[in-house]
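In each ligand, atom 1 is the first atom listed, and ligand 1 is the first ligand listed. Worth knowing before you read on, the calculation uses all heavy atoms, side chains too, and leaves out hydrogens, waters and symmetry mates.
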Amino acid sequence: MTIRQLRNYIDGRFEDGASTFNKLSPVDGQLIAQVHEASQDQVNRAVAAAHRALPAWAALSVAARTDHLLALADGITRRFDDFLQAEIGDTGKPVEWAKNIDIPRGAANFRAFAELARTLDMESYMTDTPDGRQALNYAYRKPLGVVGVISPWNLPLLLLTWKVAPALAFGNTVIMKPSEVTPSTATLLAEVADQAGLPPGVLNLTHGFGPGSAGEFMTTHPDIDGITFTGESATGSAIMRAVAPGVKPVSFELGGKNAALVFADADFDAAVDGVTRSVFANCGQVCLCTERVYVERPIYERFVAALAQRARDMRIGWPLDPATEMGPLVSREHREKVLSYFALAREEGATVVTGGGVPVFGDARDDGAYVQPTIWTGLSENARCIKEEVFGPVCHVAPFDTEEEAIRLANDTRYGLAAAVWTQNLTRGHRVAQAMKVGLAWVNCWFLRDLRTPFGGSGLSGIGREGGRHSLHFYTEPTNVCIKL
Ligand code: NAD
């Protein structure tokens, strides 16, 4: 197998890094790529190139700019199989998931924000003035400037394009830094931009890590105008400190410890299906995944048994096998973290209903990063496993007796990202969803997304919202123009 070289893309040219690091497969531990880590000088040059490109890009007509975005979407679609292989190679996620979610949604992000940029209205007011006449106020929106996009490894292309697309659509230029764990699709996106004729400097790519590397070089750079970041809450906090001296705007999509509430009046089978998906999708590595399940007591035992059966039946396998439902975790390092929570749960007194270990295949996958889908019961609500994000295929299930108790339990967390409510009583569905201290509450569904809606969380789960005109608000600065008529 050829070892791919993943280079930086700066000012319209691919560049070697000052050093390289290895990208290993989470499936069998084999070396799959060498990544060229950007130096401080390369990040500086990327920022300078983005500034040079900014005036012309911002001055393009909306039609011309959105044509560029559509060309990026088309470029992803045209190289669909390359993106698919790269995403699966980096993450080990099942082909069916990557084929239906990551890659199409990666392209869809460019289309959605092109459409939004084309159809935007403008905020304006007619104001009565003391002399009996009027004034017209309107908020003219300019690009924020050079935007740093720092993204995580769990949905690498989808979460990168979710920020690159609106940034470009609203006239900004971009430096993107993908996770060091999943550098491949970002490199392909740079190739697509290059082939599609995006002007040099509009979209730059620098590879590397956080502290002492490209991530920190970006967040401490005086000439980056804003940082949009998806990742862990602790990293968000470090980035906030890094940008504080320059008082830079940030948009943060961070971790979660999301609850699902299953009421006795729920469609039982639909709830089991939905919770199975929300716990185990992408091996539990979606920020929106459920890690705490609360079930109304009359159906509690039956629900735990049904969910455990679904976990035991889950087909864990090779990512490229279309029958595979769950692949490995993203890396051996991440598996160490997840396994440490499996051990901690036992120390904290959990009953391990199913899973709790590492599957044995008797082939190359034993060198990968697989874990068993796992269900705990019996933990105290103060246990660390109830409070801290694990980010693996695991949940705790606990009973509740009243709606008030369910709401209190779900909200008893410092995170505030997502919740799912399962009930056939629509009044209760609205009431409970509205009572959730989260940015996203689903009723009888999960991960159903409309890109025009606000996305993000509160508390440890983030700052700000993106999506639709919420993205407009982050990626532009308004100047209010007041005209006396
Ligand atoms: P991470 O915070 O470790 O890394 C994310 C990115 O930040 C990487 O590109 C990394 O190199 C960079 N980084 C790390 N330290 C940095 C620093 N000091 N300065 C600048 N950059 C730095 O997160 P991860 O492990 O890649 O992703 C998993 C986490 O992301 C989970 O907590 C998950 O919940 C969260 N997440 C949140 C959302 C959301 O929308 N809320 C979506 C996906 C993932």
Which value, rounded to the nearest 0.5 Å, describes the distance between I175 atom CD1 and I10 atom CD1?
8.5 Å
How about W162 and F113: are their ring centres within less than 6.0 Å of each other?
yes
Can you tell me how far CD of E325 sits from CZ of R310, rounded to the nearest 0.5 angstrom?
8.0 Å
Identify the residue among W153, Y341, Y370 that makes a ring-ring contact (aromatic ring centres under 6.0 Å, His included) with H334.
W153
Starting from the N and O atoms of ligand 1, collect every protein N/O partner closer than 3.5 Å and put each pair on its own line with the distance to 0.1 Å.
unit_1: ligand 1; atom_1: 2 (O); unit_2: E232; atom_2: N; d: 2.9
unit_1: ligand 1; atom_1: 2 (O); unit_2: T235; atom_2: OG1; d: 2.6
unit_1: ligand 1; atom_1: 9 (O); unit_2: S151; atom_2: O; d: 2.8
unit_1: ligand 1; atom_1: 9 (O); unit_2: K177; atom_2: NZ; d: 3.0
unit_1: ligand 1; atom_1: 11 (O); unit_2: K177; atom_2: NZ; d: 2.9
unit_1: ligand 1; atom_1: 11 (O); unit_2: E180; atom_2: OE1; d: 2.6
unit_1: ligand 1; atom_1: 23 (O); unit_2: E232; atom_2: N; d: 3.4
unit_1: ligand 1; atom_1: 25 (O); unit_2: W153; atom_2: NE1; d: 2.8
unit_1: ligand 1; atom_1: 26 (O); unit_2: W153; atom_2: N; d: 3.4
unit_1: ligand 1; atom_1: 26 (O); unit_2: W153; atom_2: NE1; d: 3.2
unit_1: ligand 1; atom_1: 30 (O); unit_2: G231; atom_2: O; d: 3.4
unit_1: ligand 1; atom_1: 32 (O); unit_2: E389; atom_2: OE1; d: 2.6
unit_1: ligand 1; atom_1: 34 (O); unit_2: E389; atom_2: OE2; d: 2.6
unit_1: ligand 1; atom_1: 41 (N); unit_2: L254; atom_2: N; d: 3.2
unit_1: ligand 1; atom_1: 41 (N); unit_2: L254; atom_2: O; d: 2.6

Identified side chain to side chain contact (heavy atoms under 4.5 Å, CB included) partner of K257 from the options V390, D412, T290
V390
So is R292 actually on top of Y415's ring, under 6.0 Å and inside 45° of the axis?
no
